[in-house]
Asker: 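Structure incoming, see below.
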2 protein chains.
Amino acid sequence: MKSTIIVNIKKYRATGIKLTPQRLAILEYIDGNKNHPSAENIHEAVSRKYPMMSLATVYKTLETLKHRGHISELSIDPKRRRYDPDTKPHHHLICITCKQIIDIEAELSLSIPDELKEGFEITGNHVEFYGICSKCRSR
Amino acid sequence: MKSTIIVNIKKYRATGIKLTPQRLAILEYIDGNKNHPSAENIHEAVSRKYPMMSLATVYKTLETLKHRGHISELSIDPKRRRYDPDTKPHHHLICITCKQIIDIEAELSLSIPDELKEGFEITGNHVEFYGICSKCRSR
DNA sequence: GTTACTGCAAAGCTTTTGCATCCCT
DNA sequence: AGGGATGCAAAAGCTTTGCAGTAAC
């Protein structure tokens, strides 16, 4: 266990940001997290270990990590921003009933007909698939 | 011109909602609008003609229209909700520099490999293409 | 020793709500 | 006439900001 922590500190040091206990707790929580948590989710979870953790610090840290490209911000939820530690291009599958969001790691080669490109130089894409999960369907 | 207004009132009456001057002004403004306006945008625009228009009324009307399926809500902009009078499935092309949003009306046949579907029944999808528009590129 | 992060509180935005009044249908 | 829409103001989120104190480098 101790060695895991050491490995992680090394990894987190590689982000280049100044490491504080608060930031380590945030990095530890979001690392590999597949729940697309909001700032409030992160604050709530991390507060259990570090009760002093302030929500403002969470927001400021997320902003820093986003600018350095270590996390990405999702505009999937109209009510609040969600964050994703996976910065590789990927897509999302959303249950329209329970709102859960699942990663889709498949490569989808998408292209727009030239005549619709309006002179844009396309740099990326993101697909949201909508559907009903099996749990919601069985109700 | 007068006949156009009559035609439009007929069309708007078909929405089934109770028509008030405020609602007509909102419907007229968003009808065919390609700017994906926010509630504030709509309020600002409509206020020029109807200074009494309240922002709360705009929100309530948009909520009503959304529930009846006459407009759709976009989660593209993390700062505020935007609305789209086009409820047919379509996609969006977003300039990462100036943030303008353009409709892409093309049919894109997208599918997820079964093994990644997690038991979901897929009902729809929405693609965001990112790029740089020609105006931004020439700077 | 500097630089910059933290926590708090306040402020800023967007969106929602309660309620009395008013107006479509 | 009745039900629902309007406008106002207040409240309720979510997110940002300023600042004094403190910790990482």
Asker: So do the side chains of A:Thr61 and A:Gln22 get within less than 4.5 Å of each other, counting heavy atoms only?
Answerer: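 Heavy-atom side-chain distance check fails, nothing below 4.5 Å.
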Asker: Hey, can you pull the donor-acceptor pairs under 3.5 Å for the side chains in residues 104-114 of chain A, sequence neighbours left out?
Answerer:
unit_1: A:Asp114; atom_1: OD1; unit_2: A:Lys117; atom_2: NZ; d: 3.0

Asker: Run the side chain to side chain contact (heavy atoms under 4.5 Å, CB included) test against B:Thr97 and tell me which residues pass, sequence neighbours left out.
Answerer: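 Partners of B:Thr97 under the side chain to side chain contact (heavy atoms under 4.5 Å, CB included) test: B:Cys95, B:Ile132, B:Cys136.
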Asker: Taking any atom under 4.0 angstrom from a heavy atom of chain A, which nucleotides of DNA chain C are the first and last to qualify, 5' to 3'?
Answerer: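 Reading along DNA chain C, I get C:dT3 to C:dC8.
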Asker: Please list, chain by chain and in numerical order, all residues satisfying side chain to side chain contact (heavy atoms under 4.5 Å, CB included) with A:Asp77, sequence neighbours excluded.
Answerer: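 Side chain to side chain contact (heavy atoms under 4.5 Å, CB included) check on A:Asp77 returns A:Lys79, A:Arg80, A:Arg82.
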Asker: Just how large is the angle between the end axes of the helix from C:dG1-D:dC25 to C:dT25-D:dA1, five pairs per end, to 10 degrees?
Answerer: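 So the angle between the two local helix axes works out to 50°.
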Asker: Suppose the criterion is ring-ring contact (aromatic ring centres under 6.0 Å, His included): which pairs have a residue in residues 35-63 of chain B, not counting sequence neighbours?
Answerer: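 Pairs touching residues 35-63 of chain B that pass the test: B:His36-B:His92.
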Asker: For residues 76-84 of chain B, which residues have at least one heavy atom under 4.0 Å from DNA chain C?
Answerer: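 B:Lys79, B:Arg80, B:Arg81, in order of number.
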Asker: Which parts of residues 34-49 of chain B get close to DNA chain C, meaning a heavy atom less than 4.0 angstrom away?
Answerer: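 The stretch gives none, as no residue of it lies under 4.0 Å from the strand.
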Asker: For A:His91 and B:Asn125, which I'm curious about, is there any donor-acceptor pair between the side chains at under 3.5 Å?
Answerer: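 No - no donor-acceptor pair under 3.5 Å links their side chains.
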Asker: Could you list, one pair per line, each protein nitrogen or oxygen that sits under 3.5 Å from a nitrogen or oxygen of nucleotides 22-24 of chain D, together with the distance?
Answerer:
unit_1: D:dA24; atom_1: O3'; unit_2: A:Leu19; atom_2: O; d: 3.3

Asker: With the side chain counted from C-beta on, respond yes when A:Leu62 and A:Ile42 share a heavy-atom pair under 4.5 Å apart, and no when they do not.
Answerer: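 A:Leu62 reaches A:Ile42 side chain to side chain.
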Asker: Could I get the full list of side chain to side chain contact (heavy atoms under 4.5 Å, CB included) partners for A:Lys99, not counting sequence neighbours?
Answerer: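 Here no residue qualifies.
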Asker: So if I take residues 50-65 of chain B and measure heavy-atom distances to DNA chain D, which residues fall below 4.0 Å?
Answerer: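 DNA chain D contact set from residues 50-65 of chain B: B:Met52, B:Met53, B:Ser54, B:Ala56, B:Thr57, B:Lys60, B:Thr61.
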Asker: Got a sec, which pairs hit salt bridge (charged side-chain N to carboxylate O under 4.0 Å, His left out) with one end in residues 125-139 of chain B, sequence neighbours left out?
Answerer: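 Qualifying pairs, neighbours excluded: A:Glu121-B:Arg137.
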Asker: May I ask you to check whether over 12 heavy atoms, not counting those of B:Lys34, lie within 6.0 Å of atom NZ?
Answerer: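 It does: B:Lys34 NZ has more than 12 such atoms within range.
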Asker: Using 0.5 Å steps for rounding, measure from the OG1 atom of B:Thr15 to the CG atom of B:Leu27.
Answerer: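 Those atoms lie 6.0 Å apart.
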